[in-house]
Amino acid sequence: MKDKIGFNLPFALIAFPIGLALYREFDFTTFTFKKTALGLLYLVTFILVVFLTFRKKSKSS
């Protein structure tokens, strides 16, 4: 049986506001963050939450 990619709804609900905050923090005219440390924290957190949202389901034996 193939491994299925899972979709974790709680992590998706967390990813949405973090993604919006990351979007608001990024300045598209200069391609930098308004506050660098906060922007990098949002970016790392967003990547982690998206990874946890779409990771494969573990095999049940």
Side-chain angles (χ1 to χ4, degrees):
M1 201 159 126
K2 293 183 180 179
D3 291 335
K4 293 184 178 182
I5 295 178
F7 182 78
N8 198 339
L9 186 61
F11 282 121
L13 292 175
I14 293 170
F16 183 71
I18 293 174
L20 287 178
L22 181 64
Y23 178 75
R24 279 187 258 128
E25 189 66 30
F26 192 72
D27 184 13
F28 287 98
T29 56
T30 60
F31 294 107
T32 59
F33 291 113
K34 295 174 185 171
K35 297 178 183 174
T36 307
L38 186 61
L40 290 176
L41 180 65
Y42 282 152
L43 182 63
V44 169
T45 308
F46 182 73
I47 291 170
L48 178 68
V49 170
V50 168
F51 172 75
L52 291 174
T53 301
F54 292 111
R55 70 178 174 183
K56 291 184 179 182
K57 291 184 179 180
S58 60
K59 291 183 180 180
S60 58
S61 299

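Just the heavy atoms: all of them, side chains too, but no hydrogens, waters or symmetry mates, feed the values below.
- I18 and V44 fall into different hydrophobic clusters, where Ile, Leu, Val, Met, Phe, Trp and Tyr are joined by side-chain heavy atoms under 4.5 Å apart, directly or via other members.
- For the atom pair L38 CG and L43 CG, the distance stands at 11.5 Å (nearest 0.5 Å).
- Residue pairs meeting the side-chain hydrogen bond (donor to acceptor under 3.5 Å, both in side chains) criterion with at least one partner in residues 37-54, sequence neighbours excluded, do not occur; the list is empty.
- Residue pairs meeting the ring pair (Phe, Tyr, Trp, His ring centres under 6.0 Å) criterion with at least one partner in residues 17-36, sequence neighbours excluded, are Y23-F28, F26-F28, F26-F33.
- No continuous path of hydrophobic side-chain contacts links L41 to F51 [ILVMFWY only; heavy atoms under 4.5 Å].
- The side chain to side chain donor-acceptor pair (under 3.5 Å) search around T32 returns T30, not counting sequence neighbours.
- In terms of modelled atom types and a separation under 3.5 Å, the side chain of K34 and the main chain of G39 share no donor-acceptor contact.
- Considering only residues two or more places apart in sequence or on other chains, L52 meets the side chain to side chain contact (heavy atoms under 4.5 Å, CB included) condition with F11, L48, R55.
- Partners of F54 under the side chain to side chain contact (heavy atoms under 4.5 Å, CB included) rule, at least two apart in sequence or in another chain, are I5, F7, V50.
- Grouped with F16 in one hydrophobic cluster are L20, the linkage being side-chain heavy-atom contacts under 4.5 Å among Ile, Leu, Val, Met, Phe, Trp and Tyr residues.
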